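Everything on this sheet refers to the single structure shown next.
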Amino acid sequence: YSMPWTPTGTGTYSLTVRATDNTGNFVTSAISLVTVAATTPPAVSLTSPSSGSAYTVGTNVNLAATASDTDGTITQVQFLVNGVALGTDNTSPYSLVWTPGSTGTYTVTAQATDDTGNVTTSTAATVTIGANAPPTVSLSSPSAGLSYALGNQVLVAAAANDSDGT
């Protein structure tokens, strides 16, 4: 005979069982002491991106975290942006690529889950996603107003800059 039992709290429990036959005779087992202990939640740290970093809309942002559990194993690390699940990685090293689609300030966290269902959320990293600025360009050669003879080679040079590197 068996039945499931779910303890409602931590502590030591005294368990006994009683068997009764069809005539009402019964016997009670010896006491069995069972200790129910709380499990330790996992530890998790968001290692990328760093708080205060800035990226451009449409570029990949690498999300990464470390996670450990002293009394079990990590079953998954979930990455969240502004509290919304972006994706999950079940294998260390835990990582995911996020490509933001709009400008703004975002909060990124990682949540580790262990084999007993405990969940821990990392410290948040705040990142800023900015618009992609257009490049600048200027013609540096030839100078305006110069004349050249037909058939002669003319050096054309320009200076270009992209302030946000994209």
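All residue numbers refer to positions in the sequence shown, counting from 1. Just so you know, these numbers come straight off a predicted model, no measurement behind them.
Between S50 and S53 the shortest heavy-atom distance is O-OG, 2.7 Å. The two atoms that bring I74 and A112 nearest to each other are CD1-CB, 4.3 Å, heavy atoms only. In terms of heavy-atom proximity, S102 sits nearest to I129 at O-CG2, 3.5 Å. Nearest heavy atom pair, residue V77 against residue A110, reads CG1-CB, 4.0 Å. Pairing each heavy atom of S140 with each of A159, the nearest pair is OG-N, 4.5 Å. T107 and A124 get closest at one heavy-atom pair: CG2-CB, 3.4 Å.
T28 and T16 are not linked by any side-chain donor-acceptor pair at a separation below 3.5 angstrom, with hydrogens and angles left out of the test. At a cut-off of 3.5 Å, with distance as the only test, a side-chain donor of N118 or T39 sits close to an acceptor on the other residue. For the residue pair T99 and N60, a side-chain donor N or O sits within less than 3.5 Å of a side-chain acceptor on the partner. Neither side chain, Q76 nor T88, offers a donor N or O lying under 3.5 Å from an acceptor on the other.
The closest side-chain heavy-atom distance from T105 to T126 is below 4.5 Å. At least one side-chain heavy atom of D89 sits less than 4.5 Å from a side-chain heavy atom of S95. Counting only heavy atoms from C-beta outward, the side chains of P49 and Y55 approach each other to under 4.5 Å. Counting only heavy atoms from C-beta outward, the side chains of D69 and D115 approach each other to under 4.5 Å. Under the 4.5 Å side-chain criterion, counting only non-hydrogen atoms from C-beta, L15 is not in contact with V17. Put simply, the side chain of N90 does not reach to within 4.5 Å of the side chain of T75, judged on heavy atoms.
L86 pairs in a side chain to side chain contact (heavy atoms under 4.5 Å, CB included) with only one of the listed residues (V81, V97, L80, V108), which is V81.
Atom OG of S48 and atom CG of N62 lie 6.0 Å apart (nearest 0.5 Å). The CG atom of L63 sits 5.5 Å away from the CG atom of L96 when rounded to the nearest 0.5 Å. Note: T8 OG1 to W5 CH2 = 8.0 Å, rounded to the nearest 0.5 Å. A distance of 9.0 Å separates CG in L46 from OG1 in T123, rounded to the nearest 0.5 Å.
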### Message
Please evaluate residues L33 and Y13 with respect to the criterion side chain to side chain contact (heavy atoms under 4.5 Å, CB included), reporting the C-alpha separation (whole Å), side-chain torsions for both, the decisive distance (0.1 Å), and the verdict.
### Response
CA-CA 6 Å; L33 295 177; Y13 293 86; over 6 Å; no
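In this structure, I31 places its CD1 atom where only 12 or fewer heavy-atom neighbours from other residues, nucleotides or ligands lie under 6.0 Å away. The number of heavy atoms from other shown groups lying within 6.0 Å of CZ (F26) does not exceed 12.
With hydrogens and angles ignored, the 3.5 Å screen pairs a side-chain donor or acceptor of T47 with a backbone N or O of A64. Here the side chain of T120 pairs a donor or acceptor atom with the backbone of P42 at under 3.5 angstrom. Not one N or O on the side chain of S141 forms a donor-acceptor pair closer than 3.5 Å with the backbone of V156. In terms of modelled atom types and a separation under 3.5 Å, the side chain of D71 and the main chain of T40 share a donor-acceptor contact.
In terms of hydrophobic clustering, with Ile, Leu, Val, Met, Phe, Trp and Tyr side chains grouped at heavy-atom distances under 4.5 Å, V44 and W98 are assigned to different clusters.
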